[in-house]
Amino acid sequence: MSSDAYEKLAPYVNSNPDFYYPEEDRTSLFILNSLVEILCSKGANTLYFSEPIHDTNGSIKVNEMSSLEIANLSPNESIITDDNMDFAFMGIYDSFITLLLAKDTNIEDTIKSLNLEALICDKETHLNSFI
């Protein structure tokens with residue numbers, strides 16, 4: 001998504017909680033701020049990313065990059081985690097979902113506090129979209 005499109009859509013999206021904008025193979029910019037907030041909730045200042053398709057990785061300082069720059073780290077799926085590796089999220093390639101992984105056993109409160117929609121899974125949940 002271009003920065004122009006994001007700037008035009010952001011006021012509408014932020015004022016309309018029923019607006020959902022999926023973007024295949026990428027984490028939506030409209031939930032990225034919330035995901036970064038979750039990653040930084042335990043004091044993380046550095047985020048680590050890995051882009052498995054093109055085999056790139058690195059680290060970023062949270063307060064030095066905008067959400068748009070973080071979203072554009074990868075043209076495809078990417079995995080981003082905090083420096084303590086308490087949380088990680090990834091956009092699933094060829095899908096419209098974002099997967100949030102957490103060591104925290106009470107992730108429901110975090111999800112609710114940020115007003116995110118989620119399916120909360122446990123160790124018995126199988127992540128196979130083809131079944």
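Position 1 is the first residue of the sequence, and the numbers go up from there.
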message = Tell me whether Ile120 at atom CD1 has more than 12 heavy atoms from other residues, nucleotides or ligands lying less than 6.0 Å away.
response = yes

[X] [atom1] to [Y] [atom2] distance, which is reported to the nearest 0.5 Å:
| X | Y | atom1 | atom2 | result |
| --- | --- | --- | --- | --- |
| Leu39 | Leu100 | CG | CG | 7.5 Å |
| Leu99 | Met90 | CG | CE | 6.5 Å |
| Asn84 | Thr46 | CG | OG1 | 10.0 Å |
| Ile111 | Ile38 | CD1 | CD1 | 4.5 Å |
| Ile80 | Phe87 | CD1 | CZ | 15.0 Å |
| Thr110 | Glu37 | OG1 | CD | 10.0 Å |

ask   = Is Ile60 reachable from Phe89 through a run of I, L, V, M, F, W or Y residues, each pair having side-chain heavy atoms under 4.5 Å apart?
value = yes

Looking only at heavy atoms, what is the nearest atom pair of [X] and [Y], with distance?
| X | Y | value |
| --- | --- | --- |
| Lys103 | Met85 | CE-O, 3.1 Å |
| Val62 | Ala44 | CG2-O, 4.4 Å |
| Ser59 | Phe49 | N-CE2, 3.8 Å |

key: Lys112: partners by side chain to side chain donor-acceptor pair (under 3.5 Å), with sequence neighbours left out   = none

